[in-house]
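This report concerns only the one structure given below.
All heavy atoms count here, side chains included; hydrogens, waters and symmetry mates do not.
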Amino acid sequence: MSAPFLPLARQSVWLALLAGVLTLAACEDSVDPTVGLDVPFSLYGHLDPTADRQALRVVPIALSIDARDSLDAAVTSTDLETGALTAWRDSLVTFADGTRGHVFVAEMTPRPGSSVRVDARRSDGAVSSVTVEVPPLAQPTVDEPIFLGNAIGYPVRVATVPNVLNGQFFATIAGHPDDLPGVARRIPIPVQTQPTETAPGVWEIDVPVVVALRRYLQEHGLFRTGLGIVTVEYSVFVTGPGWTPPSTDPDVLVEPGTFSNVESGLGYVGGGYRASVEWLLSPTVAFDAGFSPGDYPDGALTFHEILPG
């Protein structure tokens, strides 16, 4: 059975999977780990300092997960430094699996580096609260290429941020046999690499560019078939402090409170955003990865960095 929580705007894949795991046990009342808990709500989502609209899932802790048209909850957020108060509005959303849930939305942008308190209050005075540390803004950079094993890789660096998760590697290629002439497509390329904190607040990811591209082309029968590569891109999810799950075991994560920062409630609300950097490969590196030199589609060779948001 699929979990009722689906990713919201700008939600990371990791957060969506985690929230799905946390709510999976609620799919049947007989195994619902929240039954009998004397707390009002579960809260899920994150605050994004690069977005002008925020969204959080609010789930009443009750015997049934079926959402009613109205939810006895008033949600507000407060910037703990400036005192700015924002009221959130409720939306009843039907998710892709047919389940319904309440998503509260606010037209606001949390200040980078701020602390924001979110309160979900029931009419009887019961309240679930969470204090979110919003990370500062940072732009990833790419250092000079290095050898990773016997092939070229590129170190990506993100500085002055508390935590980095969920890196994703993309390649924009030209000449794919399924595309019309002159068309370029952006493709996710699987990589197995993790961010490392090399100094306080400085994170580095050694991206095995040539190995990852070569493996992808070989697995799809595209190695040395005349494809051209336009750009490569690496994207990270920057988070506030503490956003690290205690385990990847679903049996651990579904236990109430195992990974939760909500006071008088369940779930997890963090602060985070996606940031990416895009760059060009030299003809030599591109050829080593399995691409062919040649002309690219008009307008495809544009080099720029994608700023956060």
Side-chain angles (χ1 to χ4, degrees), residues 7 10-18 21 46 50 135-173 185-220 222-223 227 229-249 253 259 270 272-282 284-291 303-308:
R10 299 181 179 272
Q11 200 77 320
S12 71
V13 172
W14 179 87
L15 175 60
L17 292 174
L18 174 63
V21 169
H46 75 275
T50 70
L137 297 182
Q139 172 61 45
T141 59
V142 179
D143 291 342
E144 292 297 317
I146 59 176
F147 274 98
L148 298 175
N150 61 352
I152 289 292
Y154 289 80
V156 173
R157 182 192 304 263
V158 190
T160 68
V161 296
N163 199 17
V164 172
L165 297 172
N166 194 33
Q168 297 176 328
F169 181 46
F170 300 91
T172 299
I173 66 173
R185 66 164 63 190
R186 181 173 177 266
I187 299 174
I189 307 295
V191 293
Q192 295 181 345
T193 184
Q194 295 295 326
T196 300
E197 191 173 19
T198 58
V202 178
W203 299 83
E204 292 187 2
I205 308 99
D206 290 335
V207 185
V209 169
V210 168
V211 169
L213 290 173
R214 188 185 295 160
R215 181 187 300 117
Y216 178 88
L217 294 178
Q218 290 173 340
E219 290 177 351
H220 291 80
L222 299 172
F223 188 79
L227 294 185
I229 186 161
V230 183
T231 61
V232 292
E233 174 191 344
Y234 196 77
S235 171
V236 297
F237 191 66
V238 178
T239 79
W243 196 335
T244 304
S247 171
T248 57
D249 184 349
L253 290 176
F259 185 53
Y273 60 92
R274 254 202 193 281
S276 302
V277 61
E278 186 177 16
W279 70 100
L280 299 175
L281 300 182
S282 71
T284 300
V285 172
F287 183 78
D288 191 27
F291 293 92
F303 173 70
H304 61 280
E305 292 184 346
I306 301 177
L307 298 175

Might you point out which heavy atoms bring [X] and [Y] nearest each other, and give the distance in Å?
| X | Y | result |
| --- | --- | --- |
| L148 | G153 | CD1-CA, 3.7 Å |
| V161 | P136 | CG1-O, 3.9 Å |
| A171 | L213 | CB-CD2, 3.8 Å |
| I229 | A286 | CG2-CB, 3.6 Å |
| A138 | A159 | CB-O, 3.4 Å |
| P135 | G272 | CD-N, 3.9 Å |

[X] vs [Y] side-chain heavy atoms within contact, under 4.5 Å:
| X | Y | result |
| --- | --- | --- |
| R215 | L217 | no |
| V232 | L281 | yes |
| I173 | V230 | no |
| V156 | T141 | no |
| V238 | W203 | no |
| I205 | V236 | yes |
| L137 | T50 | yes |
| W243 | H46 | yes |

**Q.** Side-chain (Y216) to main-chain (I187) donor-acceptor, under 3.5 angstrom
**A.**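 Side chain of Y216 to backbone of I187: no pair is present.
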
Q. With distance as the sole criterion, is a donor-acceptor pair present between the side chains of R274 and S235 under 3.5 Å?
A.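 Yes, a side-chain donor-acceptor pair sits under 3.5 Å.
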
(Q) Parallel, tilted or perpendicular: which one describes the rings of Y234 and F169, with boundaries at 30° and 60°? (A) tilted

Output a table of donor-acceptor pairs, distance under 3.5 Å, between side-chain atoms of residues 189-198 and any protein atom two or more places apart or on a different chain; print 'none' if there are none.
from	atom 1	to	atom 2	distance (Å)
T193	OG1	D206	O	3.1
E197	OE2	G201	N	2.9

Q: Report the residues that fulfil side chain to side chain contact (heavy atoms under 4.5 Å, CB included) with T284, sequence neighbours left out, ordered by chain and then residue number.
A: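 Partners of T284 by the side chain to side chain contact (heavy atoms under 4.5 Å, CB included) criterion, ordered by chain and then number, come out as S282.
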
Q: Report the distance from atom CD of E144 to atom CD1 of I152, rounding to the nearest 0.5 Å.
A: 10.5 Å

Q. So which pairs with a foot in residues 147-165 pass side-chain hydrogen bond (donor to acceptor under 3.5 Å, both in side chains), sequence neighbours left out?
A. D143-R157, R157-E204, N163-T239

